[in-house]
Amino acid sequence: MPLIRPAAPVTLDAVELRVLHMPLVSPFTTSFGTETVREVIVVTAETPDGRGWGEVVTQSEPSYSSEYTQGAWDVLTRFLAPALLARRTVAPEEVAGALHHVVGHRMAKAGLELAVIDAALRAENRSFSEYLGAEKDRVPSGVSVGIQSDPQALVEAVSGYLDEGYVRIKIKIKPGRDIDDTAAVRAAFGGIPLQVDANSAYTLADADTLAELDRFDLLLIEQPLQEDDLVDHATLAKRLSTPVCLDESIVSDKAAADALALGSAAIINIKAGRVGGYLEAVAIHDRALAAGVPVWCGGMLETGIGRAANAALAALPGFTLPGDISASARFYTRDIVTEPAVIDDGHVRVPTAAGLGVEIDEAALEAFTVRRERITR
């Protein structure tokens, strides 16, 4: 099992925060709403040796999770960034402990932690992939397809992504847009690797409907019930032959342990932002690997910063299912890194340069910035 070799501490001079508004190539619709512009917070850790970059994957509204941009901004500016700056010197592995007194706000903490990690690794000329213990130089790329206007439109969208080389298709579902949509994709494309994502849109009362999905030979059904329904997920799992995968329910390594103990999940989607950072994500990976439970890397419409970090995470040995690490062009006409992720033979390359392995397109960063603040001691 890979072991993280700790990085040397960095001296934090300042933390800069930016809110970006990045237009999406096309609207992205899930069971909890539609996005046309991705609102995201970019974190910069300033040190005497240079800068490190992180990304807070909150959305503009508290729909996917209780976290949202304005709340993350508030807790970062008033509590999290000042707490780290007060320490002055901090190692990446110490960030989570230094912020533990603030309850929750995992996405905000994750973005700050990633910026510190990136700064520390750039100073040591070490790559994030090496730091995490990655074993692959490229990872298979799946794509997440939002709810379309009708099943035929969904088929057309999926066809386009298959033509681009994606090796796994995930379609979003919700009540009334589940069986017919899945049937249409299966009928059109045969035995392609296919999974569905409910984003907590159902209850246990919908078990009969969800059981109808069994006939489509899906890789998994992702997060069918509410995030705190671990017991109900275990009950549902016994009703289905399709493996149940948990996403929103897995907010920490402890939550992953509970889900596995209860039989609530046969597969786990790991999103570093949702669990509080990439080091916590590695802990969940290690737990699942020891238990023989497959994991895969979910996506939050990340910029090139988070996308590079996700590629490195997905290169760990326990990530045996394709993740939502799509090409940058899947969501953005213009990214904020100089070399955005691209699909090559169904895979995305794992960056190997120092830190996250990507450089910031300063002009693009400025163009998308709608708010900024620099926090010092």
Side-chain angles (χ1 to χ4, degrees), residues 2 4-7 10 20 22 40 42-45 47 49-57 92 110-143 164-167 270-273 277-279 281-282 285 295-319 322-332 334-365:
I4 289 175
R5 182 160 59 89
V10 297
L20 310 186
M22 299 178 63
V40 65
V42 167
V43 183
T44 310
T47 77
D49 295 316
R51 297 181 295 177
W53 300 88
E55 177 171 348
V56 179
V57 296
L112 190 53
E113 180 190 78
L114 184 60
V116 172
I117 293 174
D118 187 39
L121 294 178
R122 286 177 189 266
E124 296 181 4
N125 198 31
R126 293 170 60 194
S127 72
F128 187 55
S129 59
E130 180 269 333
Y131 172 74
L132 293 185
E135 296 186 352
K136 292 168 276 194
D137 61 4
R138 60 181 201 150
V139 294
S141 181
V143 68
E164 292 177 30
Y166 288 101
V167 298
I270 299 179
K271 291 178 178 171
Y278 284 85
L279 300 184
V282 170
H285 160 274
V295 299
W296 57 281
C297 184
M300 290 289 291
L301 281 64
E302 287 89 352
T303 72
I305 295 171
R307 206 167 295 269
N310 286 350
L313 180 67
L316 292 173
F319 286 84
D324 289 339
I325 306 171
S326 56
S328 172
R330 159 68 182 93
F331 295 110
Y332 304 115
R334 186 184 188 187
D335 206 332
I336 60 169
V337 296
T338 57
E339 295 185 21
V342 297
I343 297 294
D344 181 15
D345 190 28
H347 290 70
V348 168
R349 179 181 61 85
V350 177
T352 56
L356 295 177
V358 292
E359 298 302 325
I360 300 299
D361 181 336
E362 299 283 355
L365 184 68

Checklist outcome for this item: Tightest non-hydrogen contact, residues S326 and F331, listed as OG-CE1, 3.5 Å
Next on the checklist: Is there a side-chain contact (heavy atoms from CB on, under 4.5 Å) between V43 and L114? Walk through the geometry before answering.
Outcome noted: CA-CA 9 Å; V43 183; L114 184 60; over 6 Å; no
Checklist entry - Any sub-3.5 Å donor-acceptor pair from E55's side-chain atoms to T303's backbone N or O? => result yes
Checklist entry - Quick one: does M22's side chain get under 4.5 Å of I336's, heavy atoms only? => result yes
Checklist outcome for this item: Heavy-atom nearest pair, V40 first then V56, reads CG2-O, 3.2 Å
Next on the checklist: For G277, is there any backbone N or O sitting under 3.5 Å from a side-chain donor or acceptor partner on E113?
Outcome noted: no
Checklist entry - What pair of heavy atoms forms the shortest contact from A134 to L316, and how long is it? => result N-CD2, 3.7 Å
Checklist entry - Does I325 offer a backbone N or O that forms a donor-acceptor pair with the side chain of S141 under 3.5 Å? => result yes
Checklist entry - T47 and A119: which non-hydrogen atoms are nearest, and at how many Å? => result CG2-CB, 4.0 Å
Checklist entry - Between the main-chain N or O of S328 and the side-chain N or O of D335, is there a donor-acceptor pair closer than 3.5 Å? => result no
Next on the checklist: Quick one, S129 and K136 - any side-chain contact, counting heavy atoms below 4.5 Å?
Outcome noted: no
Item to check | K271 NZ to W296 CH2 distance, which is reported to the nearest 0.5 Å | outcome: 6.5 Å
Checklist entry - Distance-only, no hydrogens or angles: does the Y166 side chain make a donor-acceptor pair with backbone N or O of A327 under 3.5 Å? => result yes
Item to check | Pairs satisfying side-chain hydrogen bond (donor to acceptor under 3.5 Å, both in side chains), at least one member in residues 344-363, at least two apart | outcome: R51-E362, R122-E359
Next on the checklist: Show the nearest heavy-atom pair for residues A354 and N125, with the distance to one decimal.
Outcome noted: CB-OD1, 3.5 Å
Item to check | Partner set under side chain to side chain donor-acceptor pair (under 3.5 Å) for R126, not counting sequence neighbours | outcome: E124, E130
Checklist outcome for this item: Tightest non-hydrogen contact, residues E164 and I343, listed as O-CG2, 3.7 Å
Item to check | Spacing of Y131 atom OH and I117 atom CD1 [to the nearest 0.5 Å] | outcome: 4.5 Å
Checklist entry - So F128 and Y278, would you call those rings parallel, tilted or perpendicular, with 30° and 60° as cut-offs? => result perpendicular
